[in-house]
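The residues of the chain are indexed from 1 along the displayed sequence.
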Amino acid sequence: TKLQFNPSIQGEISLISNEIDLDKLFGLDPVNSGKNEAKSGAPQATQASGKTESLDKSVSTLRQNPWLTQSRITLTSELKSLKTRGVVVSGIKATGLWAQGAMRLSSFKMNLLGGTGTASGQLNLMSSKPTYSMDMELKDLQLGQAVASQSPLLKNTIQGRGYFKLNGAGMSLDPEPAKQNFSCKGNLRIADAKFMTLDLGQIVTQALGQSMVKLIDQVPGLKGKSITQAGPVKSEYEVMTGDFSIKNGVMEAPNFVAKAVEGKGLDLKGSTRLALSTCEFTADWVVKDTYNLTRARDLSLEQGGVKIDHILAQGNEPVMFPILVGGTCTQPKVNYEAISASLIKVAVGNVTQGLARKATQEVTKKIQEELGKQAAKPLKDALKSIFGK
């Protein structure tokens, strides 16, 4: 007689927990970690006194267990709160199905930063390293609540009411390799937004002051001219929008747009890049002074008998400022030379075009006068033959 034992399980499991602190679970020190990040601009993790076990290695031993690979279990879970680096995720509820070493998450809901989040996805523990895919939507996140976070990525970037939608996939359950292996695409919308470490109004105002000296060297007619700003230029925005992607630990938003509060800010459009692990930040933006808050569009001059209005603007457009930013999200560095070079190019172009128009007008006038003189004698002779005078 030969006996066979089937280790598979079919059933339901319900998990309920009050609170999980991920910093303690993974041996992170959120207080000291936050201080180190503030100095270096790069997120860093410090080990607790005990060595943190790799979750990937732990899962690899579970693959040998037939209970894991042959069971089929319906799972429901409810978690009161999940805490990490000063950010609390609460009201977590999830339902899913465990089968053949993979977890399919059919529904997931949570409360985060005053808003809500929903998600669905799949986690496969049978691959050499755990893999997962997900679809997520976050609504009405009050990003200003993240100021208490120990992560500079959250507290030193943007405040406002955020909406994010993304779909992505990744590999590994360990924090650092998970960051590098995660990739996704999505879009964002942040209402009532404000930059935390970038003051575009101050940047543009400072750039104008530095540019005037260089402008006078190139356009002497501007000597003695000045720009009198009407008031403070705020970096407040009705809405920021854009598509984004995350790959190899880097987030890129190629079509980032920020619409300023009417009469209070500067419009912005361009590309943005942010390294999630190091907080390295680069931006290539064009800032538009739509409401002429800097009064830069009022600057004019008269040179060679030609009056040139709006010398720093192209045609009927507002004055534009190309903003190139490097550094980190905590310590951004602005390239002011790019702004000056652009303003000089526009000013010189406007003067050249103005003088060219005047020269063209003078030549046209002389040609017309000469043609008039040449036509005058034949016309006079024709009239005499008709009227006898």
Exercise for review: Would you indicate whether the side-chain heavy atoms of L138 and L141 approach each other to under 4.5 Å?
Suggested key: yes
Check your understanding: How are the rings of F256 and F195 set to each other: parallel, tilted or perpendicular (split at 30° and 60°)?
Key -> tilted
Exercise for review: Show the numbers, then the answer: is there a side chain to side chain contact (heavy atoms under 4.5 Å, CB included) between L82 and V88?
Suggested key: CA-CA 6 Å; L82 183 71; V88 177; over 6 Å; no
Exercise for review: Would you indicate whether the side-chain heavy atoms of I190 and Y237 approach each other to under 4.5 Å?
Suggested key: no
Check your understanding: Is a side-chain donor-acceptor pair under 3.5 Å present for S271 with W285?
Key -> no
Review point. Between the side chain of K225 and the main-chain N/O of S300, is any donor-acceptor distance below 3.5 Å?
Key: yes
**Study point:** Inter-residue atom distance T272.OG1 - M240.CE, 0.5 Å rounding
**Key:** 9.5 Å
Point to revise | Nearest-0.5 Å distance, CD of residue E78 to CD1 of residue I92 | key: 10.5 Å
Practice item. Give a yes or no answer on whether the side chain of Y132 reaches the backbone of M103 with a donor-acceptor pair at less than 3.5 Å. Key: no
Exercise for review: Could you check if a side-chain atom of L299 sits within less than 4.5 angstrom of a side-chain atom of L222, using non-hydrogen atoms only?
Suggested key: yes
Check your understanding: Do L143 and M251 belong together in a cluster built from hydrophobic side chains that touch within less than 4.5 Å?
Key -> yes
Review point. For the side chain of N248 and the backbone of V250, is there at least one donor-acceptor N/O pair under 3.5 Å apart?
Key: no
Check your understanding: Is a salt bridge present between K194 and E236, judged by a nitrogen-to-oxygen distance below 4.0 Å?
Key -> no
Point to revise | With sequence neighbours excluded, residues passing ring-ring contact (aromatic ring centres under 6.0 Å, His included) with W98 | key: none
Review point. Are V89 and L79 joined in one hydrophobic group, where the rule is that I, L, V, M, F, W and Y side chains link up if heavy atoms are under 4.5 Å apart?
Key: yes
Review point. L200 versus L268: any side-chain heavy-atom pair under 4.5 Å?
Key: yes
Point to revise | For S172 against A178, the heavy-atom pair lying closest together | key: O-CB, 3.7 Å
Check your understanding: Do E137 and F164 touch side chain to side chain, with heavy atoms closer than 4.5 Å?
Key -> no
Point to revise | Candidate pair F182 and I246, rule side chain to side chain contact (heavy atoms under 4.5 Å, CB included), full reasoning | key: CA-CA 7 Å; F182 177 69; I246 298 176; 4.1 Å; yes
Review point. Can L208 be reached from V348 by stepping across I, L, V, M, F, W or Y side chains whose heavy atoms are under 4.5 Å apart?
Key: yes
Point to revise | Side-chain heavy-atom pair K214, I344 within 4.5 angstrom cut-off | key: yes
Review point. Between the main-chain N or O of V319 and the side-chain N or O of D289, is there a donor-acceptor pair closer than 3.5 Å?
Key: no
Review point. Which is it for T282 and D284 under the side chain to side chain contact (heavy atoms under 4.5 Å, CB included) test, yes or no, and what are the steps along the way?
Key: CA-CA 7 Å; T282 57; D284 186 353; over 6 Å; no
Check your understanding: Between atom CG of L312 and atom CE of M320, what is the distance when rounded to the nearest 0.5 Å?
Key -> 12.5 Å
Check your understanding: Heavy-atom distance under 4.5 Å between the side chains of T294 and V204, does that happen here?
Key -> yes
Point to revise | Nearest-0.5 Å distance that lies between atom CE in M134 and atom CG in L105 | key: 9.5 Å
Practice item. Tell me whether V346 is reachable from L301 by hopping between hydrophobic residues (I, L, V, M, F, W, Y) whose side-chain heavy atoms are closer than 4.5 Å. Key: no
Point to revise | Identified side-chain contact (heavy atoms from CB on, under 4.5 Å) partner of N350 from the options V219, D309, I308 | key: I308
**Study point:** Residue pair D267 / T290, side-chain donor-acceptor N/O under 3.5 Å
**Key:** yes
Check your understanding: Could you give the distance from NZ (K179) to CG (D174), rounded to the nearest 0.5 Å?
Key -> 12.0 Å
Review point. Do L97 and R72 touch side chain to side chain, with heavy atoms closer than 4.5 Å?
Key: yes
Point to revise | Which residues share a salt bridge (Lys or Arg N to Asp or Glu O under 4.0 Å) with E317, sequence neighbours left out | key: none
**Study point:** Minimum-distance pair of heavy atoms, taken over all atoms of P332 and V325
**Key:** CB-CG1, 3.8 Å
Which donor-acceptor pairs under 3.5 Å do the side chains of residues 107-122 make with protein atoms, sequence neighbours left out?
residue : atom : partner : partner atom : Å
S107    : OG   : T95     : OG1          : 2.6
Q122    : OE1  : R104    : NH1          : 3.3
Q122    : OE1  : R104    : NH2          : 2.7

Check your understanding: Counting distance only, does the side-chain N/O of S342 pair as donor-acceptor with the main-chain N or O of A338 below 3.5 Å?
Key -> no
Practice item. Examine F321 and Y336 and state if one hydrophobic cluster contains both, with Ile, Leu, Val, Met, Phe, Trp and Tyr joined whenever side-chain heavy atoms are less than 4.5 Å apart. Key: yes
Review point. Got more than 12 heavy atoms from elsewhere within 6.0 Å of CD, Q314?
Key: no
Study note, to complete from the structure: Between S340 and A207 the two heavy atoms that sit nearest each other are OG-O, 4.4 Å
Review point. Which value, rounded to the nearest 0.5 Å, describes the distance between I203 atom CD1 and N335 atom CG?
Key: 11.0 Å
